[in-house]
Amino acid sequence: MERVLARDVASHVGQEVLVQGWLHKKRLLGGLNFIVVRDRSGLTQIVVDKDEEVEKLRGMQVGTVMSVQGKVVEEQRAPGGAELHGPVITVEVPVTDEPPVEIDKPLSHKPENLDTLFDNRHIGLRSPQEQKVFKIRAALLRRIRDFLYKNDFTEINTPKLLAGATEGGAEVFKTDYFGKEATLAQSPQLYKQMMVGAFERVFEIAPAFRAEPSATTRHMSEVYMLDIEMGFIKGHEEVLDMVQDLTYDAVTSVYKEFADELKSLQAPELVLKEKFPRYTVAQVHELYTKATGTDTTNEKDLIPDEERWICEHAKKEQGCEAVFVTNFPKEAMKFYHKLADDGTVLWADLLFRGLEIATCPMRENRHEVLVEQMKAAGLDPDHPGYKYFLEAMRYGLPAHGGCGYGIDRLVEKTIGLGNVKEAALFPRDINRLAP
RNA sequence: GGGCUCGUAGUGUAGCGGUUAACACGCCUCCCUGUCACGGAGGAGAUCGCCGGUUCGAUCCCGGUCGGGCCCGCCA
């Protein structure tokens with residue numbers, strides 16, 4: 001007999017069907033017994049009446065894998081309006097151990113309970129409520145991919161094992177590589193820029209590894225980055241527009257498609273405009289200092305509280321909780337960034353709901369200028385890690401720019417989670433390497 | 001890395017310098033024909049993170065250690 005999924009049961013009223021899944025809930029009332037079976041599409045309620053069938057359930061814990069054959073009956077009192085009657089149960093994989101967490105109700109996501117949540121992640125993710133987070137994550141990724149394919153980007157995959165730390169900034173993980181030292185890629189930065197010379201427009205969705213000893217709600221040591229790079233751009237604006245449109249498209253479509261799921265996850269109401277407000281770093285410092293009395297005008301970057309504040313500000317004043325912060329000061333620049341005529345960096349951060357989601361700079365594509373910037377940053381242009389990058393530059397890269405975009409952070413903020421780790425299936429942080 | 005804070009059955013929590021450490025969920029047994037957070041009766045399950053100290057006595061107080069959380073720094 002053909003298997004029927006939970007979501008299709010109601011359309012088989014009157015028919016004998018086979019349902020397969022995991023025992024999700026037992027409610028044994030005596031003469032009348034209910035069990036709920038979970039499959040990839042949802043839950044099916046089954047009424048078990050015969051004693052011999054009820055006996056098969058004795059000692060079987062949540063998670064028991066079973067096949068159930070029964071007749072679909074329309075029943076207003078059943079969830080979904082239909083249920084199985086007269087079932088014949090086959091226990092495929094008996095489970096007699098009590099699961100470590102209860103998956104038939106929402107798991108605790110209170111900060112102090114996240115450790116338990118992640119310790120039991122392999123089982124906790126069986127909770128339909130928990131799965132919603134990752135269905136939404138998958139939909140955001142699908143939407144982003146679709147958008148970039150539509151805009152003629154080529155998806156690429158670059159190596160994650162590298163010869164040395166080249167990019168500067170974040171701490172890198174070192175590992176043994178056949179007797180030599182290798183590092184794990186902290187981003188595909190130099191590779192994606194080199195690939196502009198081949199494909200003009202590229203993107204990659206891949207893990208990046210950060211060895212920062214950061215213990216915060218917004219850091220992990222393995223993160224999923226969306227990296228975009230586009231050549232022949234007219235200017236920095238073109239990069240910002242692309243990132244803005246991509247974000248708007250992904251988030252608004254997910255808010256439509258997953259309205260019920262987002263509601264049950266208590267996601268905040270989306271306040272977004274097609275054009276995100278743009279502020280310079282100096283403007284944010286000024287506005288923040290005026291509003292809070294805390295003087296940040298000498299900070300080179302935004303402090304975390306400014307990131308939160310400016311998003312709230314823009315939400316109230318502009319009706320949009322995503323903003324770009326532009327014109328970062330020269331002191332914060334990296335060697336491959338491009339300077340504007342006014343001496344600030346052609347670099348913008350995308351902030352959404354108080355958190356930096358993406359960083360979107362234009363790149364310096366003039367070989368001589370780049371070499372000078374490397375020297376100024378104390379880097380050796382002859383280092384093997386830069387050789388190929390500089391060659392790509394020398395053999396012709398057009399004006400280009402792109403972004404590094406934190407997928408985990410986007411998922412976290414889209415849903416309104418409190419910690420970026422909740423947006424990862426199996427998060428990695430300073431103390432967690434399992435499961 | 002710095003500051004502050006927390007650690008009690010499988011899970012979530014309460015509690016106290018002094019007899020058998022409490023409650024809810026889950027689990028086991030029994031009762032129950034419309035449950036959906038089912039209900040009822042009973043039961044099992046905790047060397048109170050670890051080490052040391054103070055004390056007649058420590059789960060409770062102190063120190064250390066390990067682990068968690070929050071903020072800051074670093075970073076994206």
Side-chain angles (χ1 to χ4, degrees), chain A residues 24-36 43-51 54 58-63 73 75-81 83 85 95-120 123-124 127 167-172 186-187 189 207-227 299-305 307-308 328 332 334 347 349-352 355-361 403-410 412-413 418-421 429-432:
Chain A
H24 190 68
K25 189 76 187 172
K26 280 195 281 191
R27 290 191 199 92
L28 307 182
L29 277 62
L32 180 66
N33 304 289
F34 299 94
I35 62 170
V36 178
L43 305 174
T44 305
Q45 176 164 284
I46 297 151
V47 180
V48 189
D49 44 5
K50 287 204 189 82
D51 283 348
V54 176
R58 184 176 288 273
M60 292 300 116
Q61 302 293 337
V62 170
V73 173
E75 172 56 74
Q76 286 316 306
R77 290 171 293 185
E83 63 191 5
H85 283 195
V95 174
T96 52
D97 292 324
E98 191 186 340
V101 287
E102 292 164 54
I103 60 164
D104 61 314
K105 55 194 83 164
L107 297 162
S108 172
H109 277 244
K110 280 157 65 180
E112 61 270 33
N113 296 331
L114 288 180
D115 205 37
T116 307
L117 183 74
F118 298 141
D119 278 344
N120 297 301
I123 306 302
S127 157
E167 206 189 309
E171 293 288 322
V172 295
Q186 66 195 101
S187 88
Q189 184 61 41
F209 304 93
R210 309 287 167 97
E212 300 297 328
S214 302
T216 76
T217 54
R218 57 188 188 281
H219 290 94
M220 292 191 287
S221 37
E222 180 176 333
V223 300
Y224 256 80
M225 298 285 297
L226 160 67
D227 272 275
E299 298 281 343
K300 61 171 189 174
D301 202 345
L302 300 182
I303 63 170
D305 197 47
E307 297 183 347
R308 289 186 280 267
F328 275 76
K334 290 181 179 167
W347 161 12
D349 275 358
L350 169 65
L351 271 42
F352 177 45
L355 184 64
E356 179 186 331
I357 299 292
T359 169
C360 319
C403 73
Y405 196 115
I407 293 296
D408 310 281
R409 286 183 174 185
L410 175 69
E412 175 201 354
K413 285 299 166 184
N419 192 314
V420 70
K421 292 167 200 169
D429 67 22
I430 195 166
N431 287 310
R432 180 173 291 281

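All heavy atoms count here, side chains included; hydrogens, waters and symmetry mates do not. In what follows, chains are A, B, ... by sequence order, proteins preceding strands, each numbered from 1.
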Problem - A:R210 side chain to A:M220 backbone, donor-acceptor under 3.5 Å - result: no
Practice task
For the pair A:E75 (side chain) and A:R77 (backbone), establish whether a donor and an acceptor sit closer than 3.5 Å, ignoring hydrogens and angles.
Solution key: yes
Nucleotides 5-12 of chain B: which of its N/O atoms have a protein N/O under 3.5 Å away?
{"residue": "B:G10", "atom": "O2'", "partner": "A:P100", "partner atom": "O", "Å": "2.7"}
{"residue": "B:G10", "atom": "N2", "partner": "A:E102", "partner atom": "OE2", "Å": "3.1"}
{"residue": "B:G12", "atom": "OP1", "partner": "A:T116", "partner atom": "OG1", "Å": "2.9"}
{"residue": "B:G12", "atom": "O3'", "partner": "A:N113", "partner atom": "ND2", "Å": "3.1"}

Exercise for the section: Could you check whether A:E83 gets within reach of a base, just the sugar-phosphate, or nothing at all, counting any heavy atom under 4.0 Å? Expected result: base
Problem - C1' gap between B:U29 and B:G45, integer Å - result: 15 Å
Fill in the blank from the handout: The nucleotide from B:G73, B:C25, B:G34 with an atom nearest the side chain of A:T216 is B:G73
Completion exercise
With sequence neighbours left out, the residues meeting side chain to side chain contact (heavy atoms under 4.5 Å, CB included) with A:P207 are A:F209, A:E222, A:Y224
Practice task
Pick base, sugar-phosphate or nothing for A:A78, based on heavy-atom distances below 4.0 Å to the nucleic acid.
Solution key: base
Exercise for the section: Tell me yes or no: between the side chains of A:D429 and A:S221, is some donor less than 3.5 Å from an acceptor? Expected result: no
Problem - For B:U13, the Watson-Crick or wobble partner whose two distances fall under 3.5 Å - result: B:A22
Problem - Residue closer to the 5' end of RNA chain B, A:R58 versus A:P79 (nearest nucleotide) - result: A:R58
Practice task
Among B:C71, B:C74, B:C25, find the nucleotide with the atom closest to the side chain of A:R218.
Solution key: B:C74
Exercise for the section: Please list, chain by chain and in numerical order, all residues satisfying ring-ring contact (aromatic ring centres under 6.0 Å, His included) with A:F328, sequence neighbours excluded. Expected result: A:W347
Practice task
Give the rounded distance in Å between these two atoms: CG of A:D429 and C1' of B:G67.
Solution key: 12 Å
Handout entry: Between P of B:C70 and NE2 of A:H109, the distance in whole Å
Key = 14 Å
Fill in the blank from the handout: Between CD1 of A:I430 and C1' of B:G1 the distance, given in whole Å, is 9 Å
Practice task
Give A:A215 one of three labels, base, sugar-phosphate or nothing, depending on what nucleic acid heavy atoms sit under 4.0 Å from its own.
Solution key: base
Problem - Rounded interatomic separation in angstrom, taking CD from A:E75 and P from B:C36 - result: 14 Å
Problem - Euclidean distance for P, B:A24 against B:G18 (whole angstrom) - result: 24 Å
Practice task
Give one of base, sugar-phosphate or nothing for A:P213, where a contact means two heavy atoms less than 4.0 Å apart.
Solution key: base
Handout entry: Nearest atoms (heavy-atom pairs only) where A:R218 meets A:L355
Key = CD-CD1, 3.4 Å
Practice task
Just compare B:C28, B:G73, B:U35 and give me whichever is closest to any side-chain atom of A:Q61.
Solution key: B:C28
Problem - Distance, P atom - from B:C28 to B:G52, rounded to whole angstrom - result: 39 Å
Exercise for the section: Tell which nucleotide pairs with B:A41, taking only Watson-Crick or G-U wobble pairs whose two distances are both under 3.5 angstrom. Expected result: B:U29
Write down the protein N/O and nucleotide N/O pairs, taken from nucleotides 38-43 of chain B, whose separation is under 3.5 Å; answer none if there are no such pairs.
{"residue": "B:C38", "atom": "OP1", "partner": "A:K25", "partner atom": "NZ", "Å": "3.1"}
{"residue": "B:C38", "atom": "OP2", "partner": "A:R27", "partner atom": "NE", "Å": "2.9"}
{"residue": "B:C38", "atom": "OP2", "partner": "A:R27", "partner atom": "NH2", "Å": "2.9"}
{"residue": "B:C38", "atom": "N4", "partner": "A:L28", "partner atom": "O", "Å": "3.3"}

Problem - Spacing of the P atoms in B:A21 and B:A58 (rounded, Å) - result: 15 Å
Practice task
Determine the interatomic distance between C1' on B:C48 and the same-named atom on B:G12; round to the nearest Å.
Solution key: 16 Å
Fill in the blank from the handout: Atom CZ of A:R432 and atom C1' of B:C66 are separated, to the nearest Å, by 15 Å
Practice task
Just call it for A:D49: base, sugar-phosphate, or nothing, with non-hydrogen atoms closer than 4.0 Å on any strand.
Solution key: nothing
Exercise for the section: Give the rounded distance in Å between these two atoms: NZ of A:K334 and P of B:C74. Expected result: 13 Å
Exercise for the section: Give none if B:U55 has no partner; otherwise give the nucleotide forming a Watson-Crick or G-U wobble pair with it, both distances under 3.5 Å. Expected result: none
Problem - Residues which pass salt bridge (charged side-chain N to carboxylate O under 4.0 Å, His left out) with A:D301, listed by chain and number, not counting sequence neighbours - result: none
Problem - Phosphate contact (B:C70 OP1 or OP2) by A:N419 side-chain N/O below 4.0 Å - result: yes
Handout entry: Flag, side chain of A:E212 to backbone of A:E171, donor-acceptor distance under 3.5 Å
Key = yes
Handout entry: A:A358 or A:V62, whichever maps to the more 5' nucleotide of RNA chain B
Key = A:V62
Problem - B:G7: pairing nucleotide in any strand, Watson-Crick or G-U under 3.5 angstrom - result: B:C66
Problem - Short side-chain to backbone donor-acceptor contact, A:N113 and A:H109, under 3.5 Å - result: no
Handout entry: Touch class at under 4.0 angstrom, heavy-atom based, for A:V223 against every strand present
Key = base
Handout entry: A:R27 side chain vs A:V36 backbone, donor-acceptor pair below 3.5 Å
Key = no
Exercise for the section: Report the residues that fulfil side chain to side chain donor-acceptor pair (under 3.5 Å) with A:K26, sequence neighbours left out, ordered by chain and then residue number. Expected result: none
Handout entry: Distance in angstrom units between A:I303 CD1 and B:C71 C1', rounded
Key = 12 Å
Practice task
Pick the P atom in B:U54 and in B:G63, then give their distance to the nearest Å.
Solution key: 15 Å
Handout entry: Same-atom distance (P) from B:G39 to B:G34, integer angstrom
Key = 15 Å
Handout entry: Whole-angstrom distance between B:G49 and B:G7, as gauged at atom P
Key = 8 Å
Practice task
Using whole Å, report how far CD of A:Q76 lies from P of B:C36.
Solution key: 18 Å
Handout entry: Test item: A:N120 side-chain N/O and A:I123 main-chain N/O as donor-acceptor pair under 3.5 Å
Key = no
Exercise for the section: Establish, with yes or no, whether the OP1 or OP2 oxygen of B:U33 is under 4.0 angstrom from a side-chain nitrogen or oxygen of A:N33. Expected result: no
